[in-house]
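Data first, discussion second: the structure below is written as structure tokens.
These figures come from a predicted structure and were not determined experimentally.
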Amino acid sequence: MVFNRGCKGRMSFLETVKLYYEDARQAAFEATVQACEEAENGWDIILDRTAFYPEGGGQPSDQGTLERWDVLDVQEKDGVILHRLEKPLLPGTKVSGRVDMARRFDYTQQHSADHILSGVIHKRYGFDNVGFHMGQDSTFIDLDGMLDDSELMEMERVANEVVWMDLPVEVSWPDADTLRTMAYRSKKPLDGAVRIVTVPGIDVCACCGTHVRRTGEVGTIKIISSTKVRGGVRVEYVAGRRAYAYFNEVQLQNRLVSVSLSAKQLRTAEAVRRLLEERDALQERAAKLEQEHFSSLARQLCGSGDALIFEDGLSADSIRRLADAVKETCGGKVMVFSGDDAQGYKYAAAVKEGDIREDVKALNEALNGRGGGRDANFVQGSVKATRAEIEAYIKE
């Protein structure tokens with residue numbers, strides 16, 4: 001269903017006047033409804049002018065309200081902006097719109113940070129930004145060349161120097177002749193009018209997104225991870241308010257660690273290193289004592305024939321090692337179980353010579369178990385049964 005001043009089918013409209021290009025800080029505006037078209041999960045509203053930025057160029061769309069209705073999504077098609085609402089608006093009526101400026105400014109900070117960081121990297125290394133995505137928590141850029149951690153740290157430092165220099169962020173629409181002679185970054189060939197965003201001396205880039213007026217509004221840029229991808233590197237960063245929130249969370253986590261380890265906040269890494277060394281030493285001692293215990297059990301069961309063993313708190317590897325030790329001495333089949341009645345038991349079954357797989361198959365069928373192995377004389381698995389049920393089955 002389409003509401004469009006009484007005409008059938010979608011009308012042709014002039015491009016929507018894009019107020020967000022005139023002033024990225026404009027939150028409120030007045031407009032006339034040009035058309036209202038029923039769409040999936042709502043209605044697409046076309047206005048003669050709008051301050052709502054549509055999804056594009058890696059930047060999510062704005063949110064806000066038209067009259068009292070929430071704007072759920074904003075898309076652009078052939079220069080016309082579509083505002084998705086839950087309810088229709090009557091064509092020809094005047095409406096008031098308001099953009100969620102906290103969301104807008106957040107994405108504006110992230111987008112301008114991309115130009116600064118990508119610009120300094122391109123200027124230093126010649127690498128291009130070939131992928132860009134702004135998420136709810138962080139932003140990702142894909143570079144077509146490799147940078148290691150120290151190089152990225154240096155580029156982060158330079159990018160923040162650009163922020164603190166508070167340079168102007170200039171927007172222009174060069175004519176075709178000027179554009180042909182202009183050196184600018186672009187992820188793909190462009191036709192028609194091209195919007196150029198310039199940070200003087202740092203970056204010149206084709207871009208349709210919203211940007212800060214001066215670099216100082218970005219606040220700060222922090223790279224939080226990097227990953228090799230397709231011969232280049234994917235860089236994850238936060239900027240502005242997101243960087244402030246990230247620093248706060250990191251400080252909180254570090255404070256909790258420092259309290260737990262009784263260490264100063266700038267010495268937590270050293271305290272953790274000492275703790276890990278102590279843990280490794282204790283694990284080595286525990287493994288040695290465990291192996292001595294297994295050897296002792298193997299000696300006690302020497303020549304006993306078939307053996308059934310329950311041991312608390314063993315890992316899968318420890319269960320295997322205990323079964324291996326006992327099978328060498330008992331002269332029969334050995335089954336080792338570790339676990340509890342509520343969660344079930346892990347097991348290892350072994351025999352020094354022969355084939356134990358049929359025995360284990362019958363065990364699994366009787367006790368709701370599963371397991372297997374490549375060797376005929378050794379199998380590992382688990383059963384959903386109580387200790388009493390296991391012992392009763394083995395005795396039978």
Next item on the list: Mind checking salt bridge (charged side-chain N to carboxylate O under 4.0 Å, His left out) for R124 and listing every partner two or more places apart, or none if nothing turns up?
Entry: none
Margin query: Can you confirm whether P60 sits close enough to Y107 that some side-chain heavy atom of one is under 4.5 Å from a side-chain heavy atom of the other?
Written below: yes
Margin query: Between D203 and R185 (salt bridge meaning N to carboxylate O under 4.0 Å), is one present in this structure?
Written below: yes
Margin query: One thing to verify: whether E278 and R274 come together as a salt bridge, which I'm taking to mean a side-chain N less than 4.0 angstrom from a carboxylate O.
Written below: no
Notebook entry, point to check: Looking at side-chain heavy atoms only, is the closest gap between L363 and Y347 below 4.5 Å?
Noted result: yes
Checklist line | side chain to side chain donor-acceptor pair (under 3.5 Å) between H122 and D128, intermediate numbers included | finding: CA-CA 6 Å; H122 182 77; D128 287 318; 3.2 Å; yes
Note to self: Please determine whether a side-chain nitrogen of the Lys or Arg among D70 and K87 lies less than 4.0 Å from a carboxylate oxygen of the Asp or Glu.
What the structure shows: no
Checklist line | Donor-acceptor contact present, side-chain D23 to main-chain R25, <3.5 Å | finding: yes
Notebook entry, point to check: Do the side chain of D44 and the main chain of A39 share a donor and acceptor less than 3.5 angstrom apart?
Noted result: no
Next item on the list: Under the salt bridge (Lys or Arg N to Asp or Glu O under 4.0 Å) rule, what do K18 and E76 come out as? Steps first, then yes or no, please.
Entry: CA-CA 11 Å; K18 302 173 177 64; E76 181 174 3; 3.6 Å; yes
Next item on the list: State the CZ-CD1 distance between R49 and I81, to the nearest 0.5 angstrom.
Entry: 13.5 Å
Next item on the list: Show your working on side-chain contact (heavy atoms from CB on, under 4.5 Å) between L82 and V74 and close with a plain yes or no.
Entry: CA-CA 6 Å; L82 307 176; V74 187; over 6 Å; no
Item checked: Gap between atom CG of L89 and atom SG of C36 - 0.5 Å precision -> 6.0 Å
Note to self: Quick test of your reading of the model: are D106 and R242 salt-bridged, counting only N-O distances below 4.0 Å?
What the structure shows: yes
Next item on the list: Measure from the side-chain N and O atoms of K123 to the backbone N and O of G201, and report whether any donor-acceptor pair falls under 3.5 Å.
Entry: yes
Margin query: Can you tell whether the side chains of E290 and R321 come within less than 4.0 Å, N to carboxylate O?
Written below: yes
Check: Is a side-chain donor or acceptor of S296 paired with a backbone partner of E292 at a separation under 3.5 angstrom?
Finding: no
Item checked: Closest heavy-atom pair and its distance - T32, K94 -> OG1-NZ, 2.9 Å
Notebook entry, point to check: To the nearest 0.5 Å, what is the distance between CG (L117) and CE (M155)?
Noted result: 9.0 Å
Note to self: The criterion is salt bridge (charged side-chain N to carboxylate O under 4.0 Å, His left out); which residues satisfy it with D355, sequence neighbours excluded?
What the structure shows: R357
Next item on the list: Can you measure from OG1 (T215) to CD (Q109) and round to the nearest 0.5 angstrom?
Entry: 12.0 Å
Notebook entry, point to check: Once you round to the nearest 0.5 Å, how far does CD1 of I196 lie from CD of E170?
Noted result: 12.0 Å
Next item on the list: Look only at the side chain of S338 and the backbone of K346, and say whether a donor-acceptor pair between them is shorter than 3.5 Å.
Entry: no
Notebook entry, point to check: For H133 and T139, what are the C-alpha separation, side-chain angles and deciding distance, and is it a side-chain contact (heavy atoms from CB on, under 4.5 Å)?
Noted result: CA-CA 6 Å; H133 172 71; T139 301; over 6 Å; no
Margin query: Is there a path of hydrophobic side-chain contacts, each under 4.5 Å between heavy atoms of I/L/V/M/F/W/Y residues, joining V130 to L147?
Written below: no
Notebook entry, point to check: Can E217 and R214 be counted as an ion pair, charged N to O under 4.0 angstrom?
Noted result: no
Checklist line | Other residues, nucleotides, ligands: >12 heavy atoms within 6.0 Å of R195 CZ | finding: yes
Notebook entry, point to check: Between D62 (side chain) and Y53 (backbone), is there a donor-acceptor pair under 3.5 Å?
Noted result: yes
Notebook entry, point to check: Taking side chain as C-beta onward, heavy atoms only, is L47 less than 4.5 Å from V33?
Noted result: yes
Check: Would you say the side-chain atoms of E55 and Q59 include a donor-acceptor pair closer than 3.5 Å?
Finding: no
Check: In this structure, are over 12 heavy atoms from other groups packed under 6.0 Å from R267 atom CZ?
Finding: no
Next item on the list: Please report the C-alpha distance between F140 and Y237 in whole Å, then the side-chain angles of each, then the deciding distance to 0.1 Å, and finally whether the ring pair (Phe, Tyr, Trp, His ring centres under 6.0 Å) criterion is met.
Entry: CA-CA 7 Å; F140 299 85; Y237 71 85; 8.7 Å; no
Note to self: Apply ring pair (Phe, Tyr, Trp, His ring centres under 6.0 Å) to residues F127 and Y125 and explain how you reach the verdict.
What the structure shows: CA-CA 6 Å; F127 297 155; Y125 296 100; 5.8 Å; yes
Notebook entry, point to check: Do L266 and K264 have side chains that get closer than 4.5 Å, going by heavy atoms?
Noted result: no
Notebook entry, point to check: Does a side-chain heavy-atom distance below 4.5 Å link T220 with Y244?
Noted result: no
Next item on the list: Find out if a path of hydrophobic residues (ILVMFWY) with successive side-chain heavy-atom gaps under 4.5 Å connects V120 to I141.
Entry: yes
Next item on the list: I would like to know whether V336 and V326 meet side-chain contact (heavy atoms from CB on, under 4.5 Å); could you show each step before the answer?
Entry: CA-CA 9 Å; V336 178; V326 174; 5.7 Å; no
Note to self: Check this for me: R370, atom CZ, are more than 12 non-hydrogen atoms of other residues, nucleotides or ligands nearer than 6.0 Å?
What the structure shows: no
Check: Any side-chain donor-acceptor pair under 3.5 Å between S96 and E30?
Finding: yes
Next item on the list: Report the C-alpha separation of L367 and Y393 in whole Å, then their side-chain angles, then the decisive distance to 0.1 Å, and conclude whether the side-chain contact (heavy atoms from CB on, under 4.5 Å) test is met.
Entry: CA-CA 8 Å; L367 299 177; Y393 172 78; 4.3 Å; yes
Check: Please walk me through it: do Q26 and E22 pass side chain to side chain donor-acceptor pair (under 3.5 Å)?
Finding: CA-CA 9 Å; Q26 181 174 348; E22 299 174 11; over 6 Å; no
Next item on the list: Determine whether M153 and I221 fall in the same hydrophobic cluster, where Ile, Leu, Val, Met, Phe, Trp and Tyr are linked whenever their side-chain heavy atoms lie under 4.5 Å apart.
Entry: no
Checklist line | Exceeds 12 heavy-atom contacts within 6.0 angstrom, atom CG of D148 | finding: yes
Notebook entry, point to check: Do the non-hydrogen side-chain atoms of V17 and F29 ever get within less than 4.5 Å of each other?
Noted result: no
Next item on the list: Kindly compute the distance separating OG1 (T386) from CG (D340), expressed to the nearest 0.5 Å.
Entry: 11.0 Å
Margin query: Less than 6.0 angstrom from the centroid, inside 45 degrees of the normal: does R387 satisfy that with respect to the ring of F310?
Written below: yes
Margin query: If we count only N and O atoms by modelled type, under 3.5 Å, do the side chains of H211 and T108 hold a donor and an acceptor together?
Written below: no
Margin query: Under the rule for salt bridge (charged side-chain N to carboxylate O under 4.0 Å, His left out), what residues qualify as partners of R299, not counting sequence neighbours?
Written below: none
Next item on the list: For the residue pair F337 and I390, establish whether any side-chain heavy-atom pair is separated by less than 4.5 Å.
Entry: yes
